[in-house]
Structures are given as structure tokens and as C-alpha cells.
Amino acid sequence: MSKPFDYSKWDNIELSDDEDDVHPNIERESWFRMKHRSRVEREEKEENEKKKIKKEMNKSNVRIEEIERFLKKISVSSNDGDSDSDDELEDVDGLKVELEDLQKQNAARQKKLDDMEKNKKWNVDNMCHVVEERTIINPKASETKFTPTGFAIADDDDDGDKASSTTDSKTTPEPAAAASPSETKPAAADAKKTAPKPTPSSTQKPSGAAKPTPTTHGPKTFQPPAPKDAILSYSDFVDKHANTLEEWMTIKSLDKCKDFLLLHGTTLLQENATNYLLLASLEDEMNGYHEKMKLTCRQSQILTNIAELAKSLKSHPGNVILPFFARIEKKEFYDGFMDGVNMFIEKIKVRAVEKKKEMDAQRRAEEEEEGEAVDLATIPKEERLGPGGLDPVEVFESLPESMQTAFESRDVENLKRALIGMPPAEAEYHMKRCVDCGLWNEG
């Protein structure tokens, strides 16, 4: 059986906690310095004493070697038959006595050294020593993995979410008026997105995100390799990470948000992710999903605030995830954060109304260019009212069938014949309503 390990050398460990026993009238830091200085002075004294003992032992060992050589020489000569004088014999006896004394003194000195080593006080300064020391330099230490605005840059080996080409995604963004409340720079909210137009008879909920259009690739041409820190284009980013983004938009708990960011922060803290959430919140508001829009706005502001905090600290946004969530655990910071979220929600609402008007105007202009009739039922009622304040749709439905046919065919002669066939009062009543709603222009 192997010999058990001797742990007795660790019985005399001086812990730093021993220095906590300080009198209240003594300054704590001064007490620590005094205790440390006393320990250092004691160790220096013990070390000097060891050196002195070892020096004396070395001198004794030198003398012992000389005596042993002399005694050996005398022993050889006596074996050869040479007669020794009385003086030489006395010298031999004296040398033997001196040799025994030196050996006893060295044994005593060695015992003292062993006792000193056994009873040595161990502390943090002398308990361990460096066996090997080396410095490893990271060749990528000078590379920054974040943009000047505080957003993350994708890693080269980031495979992302394996989203197929049919995954729901937002289309390429353009600058928009809706911006983060803390930084009112133009955001990418004016994307060329299409939202279903509300109609008076429509009860079906509009669809969510638009499907990406498959692209066709021509003959392959040589392209220079992209730099390592190149940021993915918006469409490529969405195709790659749409699943992660959609999952992030549904998380309500802040604790789960923190855990999800720690797991997918490299993806979510990129600027394209913020653009995606901005477009998603705008589209949800345009389609009538107000509660979903509010949650998406909060998720977007979490990412924006983390990026702004990273920008102020000049650090990677992944390094400030925990500090950000620790900060908003305090009521005053959380209230300030929610005020910013509410401001962002109001901006999204305003932008959604403006965007609808822009899309309606663009659609009407395209229809007019193509020479097609405008379906008045697709235009909001407050926008289609005529100069007299009447709704052309309601007026048209109240007209006699002969007048409706004349207006649909844009045939003035048919309209005249229809009016002649009516009593004058009725014809005047219908024509006045047509003028007030904008179906007919006088003159």
C-alpha cells in the first residue's frame, strides 16, 4: 500500500481573514499594512538566519573534508610500515575529536533547519511559486466586432438559422421618419412593403410578412472575396435569421429576453435585426395588430438601448447585455425605458397613417397612368367625400339603374335620356347629389 500523503505542512497557513480582527480605534488599512510588514520582516529574518546556518555548515563541511583526507593519508602511511611519532599520534586523536564535534554541530544545524521548515508559516506570498510563465497574443485582438453605432458584426463562422428561401421575411428597407426615441436619426421604415387595403366589406385579417421573391441567377462571374468584417445585406440577413427574429418578437418576459439574447446576441444585436423589427412593427400597425405591434416595439427598443449603451462604453454590445438588464430592474430606469417605448409606439402609429396615405396615393397614380377606373370602395370614406360632403359610393348606389349604367359607361347621352325619362324634381334631386359627391362636375 502506498504511503499516505502528509498534509501537516498546511497546518500553519496564515489567512488574510486573520487580519480582520482589528481594534475599532485602529484604521483598518493601516492595520493590514502593519500586519503585512511584520510578516515580511519575520520572513526576511528567518531567511537570513537560514543563510547564516548554511554558510556555517559549508565551512564545517570544508574542514571535515580536510580532516578526512589527512586521516586517510596517515592511515595509508601506517599501513606501509612507517613508524609514527607520538606527536603525530596526538594530532590524529585531536583531529578525530574535532571531526566528531564538527559532525555533531552540522547535525544540530540541519535539525534546526528542518524544524524551521516544518514550523514555517505559509501565506499567499510564499505558498506557491511560478513554474512556467508565458504570454499568448491573440492575432485578432485588434479587430473590433462591432460598428461605430454600437451594433454587432456577424462572426465568420456564424451559420445562423437555417431558414429556407420560403421563410417569411421583410423586404429591403429604406430611410423612414419613425426613429428611436433616444436617437432621432432616420430609420429604415419606408420599405417598399405592401399591406392589404381595408375595404368596407372585408372582414378577413390581412396576412403578416410578405414572402421573399425567389431570385434567378445568371451565369456565374468572378467576384472578389468579401472582407471578413463585411456585414450581410438585409435580404441575406433575413433569409438566414428570420426564425430567430420571429421568435424574439414573441417573447414577453424580460428574464427570457435576457437568456435569449445571451444565446443569440450575435444575431439580434446587428443593425439589420433592428431594421427588421422596425418594419415588422410598422406592418403590424398598418394591418391592425396593435398589441403585437406594441410588443415588437418593446423588443426593438431593447436592442436599440443595448446598442446605444455599447456605443457609449465603446464595447461590443454582447458585453452590455447583463448590465442593461441589471439596470432596468430598478424602477426609475425601467420607467424611463418604458417611456421611450411608448414614444416609439406613438411614432409608429403616426408613420403607419402616413404610410397608408402614401401607398394609396401611389396606387391611384399607377391606376390613373394605366387608364384604369379607381375603385372608390378601396379608398377611405373620409378621403373620398365630394365637394358637398357626400359619399360618392352611397350616392351611386342610391341612383336609378339607368343613371348607374350611364355613369359606369361614361356615356353623357345615356345620362341625358335617363334624366329626361324622370320627373324634373327627381332628376334635379339626383343631379344635385351627384355634384355634391363629385360624380358630376358642373359646366
Side-chain angles (χ1 to χ4, degrees), residues 149 168-212 234-235 238 245 249 271-305 308 338-370 372 374-387 389 391-393 438:
T149 56
D168 288 353
S169 62
K170 307 297 184 281
T171 54
T172 306
E174 297 176 358
S180 136
S182 54
E183 183 175 352
T184 58
K185 64 179 181 180
D190 283 331
K192 293 183 179 179
K193 298 168 47 154
T194 58
K197 293 296 177 184
T199 60
S201 60
S202 175
T203 58
Q204 183 179 1
K205 282 190 176 180
S207 61
K211 301 287 184 181
Y234 182 80
S235 58
V238 170
L245 294 168
M249 289 162 52
E271 192 166 6
N272 283 331
T274 306
N275 293 338
Y276 183 95
L277 266 64
L278 179 60
L279 296 177
S281 59
L282 180 60
E283 184 175 354
D284 291 339
E285 176 63 19
M286 293 173 65
N287 293 337
Y289 303 142
H290 302 294
E291 294 303 319
K292 183 180 178 184
M293 178 271 294
K294 291 179 181 179
L295 179 58
T296 304
C297 287
R298 192 202 69 173
Q299 298 300 86
S300 175
Q301 285 303 290
I302 289 177
L303 303 183
T304 302
N305 279 266
E308 290 173 357
M338 291 308 299
D339 289 341
V341 172
N342 293 331
M343 290 174 59
F344 185 72
I345 290 173
E346 293 302 320
K347 291 189 176 185
I348 288 294
K349 290 180 179 179
V350 173
R351 180 57 192 156
V353 174
E354 295 175 353
K355 186 65 177 175
K356 280 185 178 181
K357 293 179 179 179
E358 292 174 3
M359 295 175 67
D360 291 341
Q362 182 180 0
R363 181 182 53 79
R364 287 195 297 267
E366 292 175 354
E367 290 177 350
E368 290 175 359
E369 289 177 1
E370 296 174 359
E372 297 179 359
V374 178
D375 185 5
L376 295 177
T378 63
I379 303 175
K381 183 176 180 180
E382 61 272 9
E383 295 182 12
R384 68 192 182 202
L385 296 179
D391 183 1
V393 175

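Nothing here was measured: the structure is a model prediction, and the numbers come from that model.
- Rounded to the nearest 0.5 angstrom, L282 CG and M286 CE are separated by 6.0 Å.
- The heavy-atom pair separating Y234 from N275 by the smallest distance is CE1-CB, 3.9 Å.
- T274 approaches S300 most closely through the heavy-atom pair CG2-OG, 4.1 Å.
- Residue N342 holds its CG atom at 5.5 Å from CE of M338, rounded to the nearest 0.5 Å.
- With a 4.5 Å cut-off on side-chain heavy atoms, K356 and V353 do not count as touching.
- Here the closest non-hydrogen pair linking R298 and V341 is CA-CG1, 3.9 Å.
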- Query: Taking it one step at a time, do N272 and V238 satisfy side-chain contact (heavy atoms from CB on, under 4.5 Å)?
  - Reply: CA-CA 8 Å; N272 283 331; V238 170; over 6 Å; no

- Please assess Y276 against T296 for the test side-chain contact (heavy atoms from CB on, under 4.5 Å), listing each intermediate value before the final yes or no. CA-CA 10 Å; Y276 183 95; T296 304; over 6 Å; no

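- The structure places CG of L295 at 15.0 Å from NE2 of H290, a figure rounded to the nearest 0.5 Å.
- Shortest non-hydrogen contact noted between C297 and I348 is SG-CG1, 3.9 Å.
- Using a distance-only test at 3.5 Å, with no hydrogens or angles considered, a donor-acceptor pair links the side chain of D391 to the main chain of V393.
- Each salt bridge (charged side-chain N to carboxylate O under 4.0 Å, His left out) pair with one or both residues in residues 273-282, not counting sequence neighbours, would appear here, but there are none.
- From Q301, atom CD reaches atom OG of S281 across 9.5 Å, with rounding to the nearest 0.5 Å.
- Every residue two or more places apart in sequence or in another chain that forms a side chain to side chain contact (heavy atoms under 4.5 Å, CB included) with K349 is listed here: E285, M293, I345, E346.
- For Q299, there are no side chain to side chain donor-acceptor pair (under 3.5 Å) partners at least two apart in sequence or on another chain.
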- Message: Run E358 and K355 through side-chain contact (heavy atoms from CB on, under 4.5 Å) and show every step you take.
- Response: CA-CA 5 Å; E358 292 174 3; K355 186 65 177 175; 3.9 Å; yes

